[in-house]
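Working notes, beginning with the structure itself.
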Protein chains: 2
Amino acid sequence: MDTTQRTDQQRSADRRRRELLEAADRVVLRDGPQASMNAIAAEAGITKPILYRHFGDKGGLYAALAKRHTDALLASLRAALDAPADRRERVESTLETYLAAIEARPQVYRFLMHPAEGSQGGDQGFDVGKHSVPLLRRMGEELAQVIEERVDLGPESQQLARVWGHGIVGMMHAAGDWWLGERPCSRAELVRSLADLLWGRLAAAGDKVGGPGF
Amino acid sequence: MDTTQRTDQQRSADRRRRELLEAADRVVLRDGPQASMNAIAAEAGITKPILYRHFGDKGGLYAALAKRHTDALLASLRAALDAPADRRERVESTLETYLAAIEARPQVYRFLMHPAEGSQGGDQGFDVGKHSVPLLRRMGEELAQVIEERVDLGPESQQLARVWGHGIVGMMHAAGDWWLGERPCSRAELVRSLADLLWGRLAAAGDKVGGPGF
DNA sequence: ATGCGATGTTACTTGCGGTAACAGGAGTGT
DNA sequence: ACACTCCTGTTACCGCAAGTAACATCGCAT
């Protein structure tokens, strides 16, 4: 029951865990989100039950994997959001960062965006915190926080910031998803168009004359 | 090879198909999106292979079911979009329509929004058109069309309209999803906040002074 | 009656998530 | 040296859902 020893074992376990996650990462990147536990175990050079000992169930592995990428992506986004620049510039650079990320690794992106299966908490009592929230929520909350920190929205600012956070993230996500599938324009054009939308160009534009139905 | 007879049988098959879809609907509404084919067949009073004869595979049934609801929802949305009113009013009423729909039938909503499984096309050669597009895309395209019809965006209007269509739909979707889960405010408030966002209030708001990191 | 096509069934295969039970190997107390 | 206990790893299995093959049946035109 020596503390140092337990720490030692913990360290070893954590290393294994990281190796397994990297193997899982490789498989997901190769086979897409429907990668089987068997395949992941094989890639890691071991067998299924070990994965289950480490992550509880597939949801646990999903969550752990998602957390890695989500943390990384959120770090980049926060950097872009917090840059000492004009707001419009910050918005554009954030969009740019996000789109570049999903363009660079579409497989990972597809994996992250899956609600997939509804997991119920780990029974093994692992240290998995409640990070089962599917990326979009976390991005929305983060953005909401930044908005509330930096933009003056008067009373109700918190509420408004959260709505906007989730809304803007959703806009980014849907547009990015569509763009990634069809590639109808360059990344820069997409960024510009979205920023224009957020800048109220929809309200400013005039009605088109002679449309169908008056 | 008589045409009338074939039409007769077709009619019968179509009726069956509709019955099956309604049964599937009931099950999905009760059990959520992970409803099994067995359960659906049982609800319809038949057995699995019949479902497969009618829909090819689970993806086919998914697509058919999704098409029904999508068509219905899109019809309501188009009505709101095409109302003879001020643009802001139309936007708000469209948001309202969408949110009311997902609020009224969250189970169906959850079902529709799932990418779930990557389906590869039907091999049986059924008459399923390529409507495997998961709702969000269709809503995006529809909205894009309406925007391009009614809003004057100068040159590049088509491109811009499509980006905006998908972006706005994504905003609506993400905000709606979050709102449905947490219910942080009334529907009307949500609608107002989102419309405000689209109306450029983000650009118009001032910087907050004394934020962290300045 | 008889062949034919649509409709329906039972019973099977395959594949995956998840688990039980067993098999060493390294440190530890006696 | 010996047993005891963790930890890591395996094989072999269960349950369940998707999808299929092969058989049974009814209606009908000739």
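Each chain gets a letter, A, B and so on, in the order its sequence line appears, and its residues count up from 1.
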If I take atom [atom1] in residue [X] and atom [atom2] in nucleotide [N], what distance separates them, rounded to the nearest angstrom?
X	N	atom1	atom2	result
A/Gln34	C/dT14	CD	P	21 Å
B/Asp57	D/dA18	CG	P	11 Å
B/Ile50	C/dG5	CD1	P	19 Å
B/Leu51	C/dT7	CG	C1'	13 Å
B/His54	C/dA6	NE2	P	12 Å
A/Leu20	D/dT8	CG	P	11 Å
A/Leu61	C/dC16	CG	P	16 Å
B/Tyr52	C/dA11	OH	C1'	15 Å

Around atom CZ of B/Arg192, are there more than 12 heavy atoms of other residues, nucleotides or ligands at under 6.0 Å? no

Over 60° means perpendicular and under 30° means parallel, so classify the ring planes of B/Trp178 and A/His166, tilted if in between. parallel

Stacked cation flag B/Arg183 on B/Trp179, 6.0 angstrom / 45 deg: yes

Ignoring the backbone of [X], work out which of [options] is nearest its side chain.
X	options	answer
A/Lys58	C/dG18, D/dA18, C/dA21	C/dG18
A/Met37	C/dG17, D/dA21, D/dT10	C/dG17
A/Thr47	D/dA18, C/dT9, D/dT10	D/dT10
A/Ser36	C/dC16, C/dA20, D/dG19	C/dC16

Is a donor-acceptor contact shorter than 3.5 angstrom present between the side chain of B/Lys48 and the base of D/dG19? yes

Between CG of B/Asn38 and CG of B/Leu51, what distance do you get to the nearest 0.5 Å? 9.0 Å

Counting only side-chain N and O atoms of A/Arg53, is one of them less than 4.0 Å from OP1 or OP2 of C/dT19? no

Sidechain-backbone polar pair: A/Glu142 side chain, A/Arg78 backbone, donor-acceptor under 3.5 Å: no

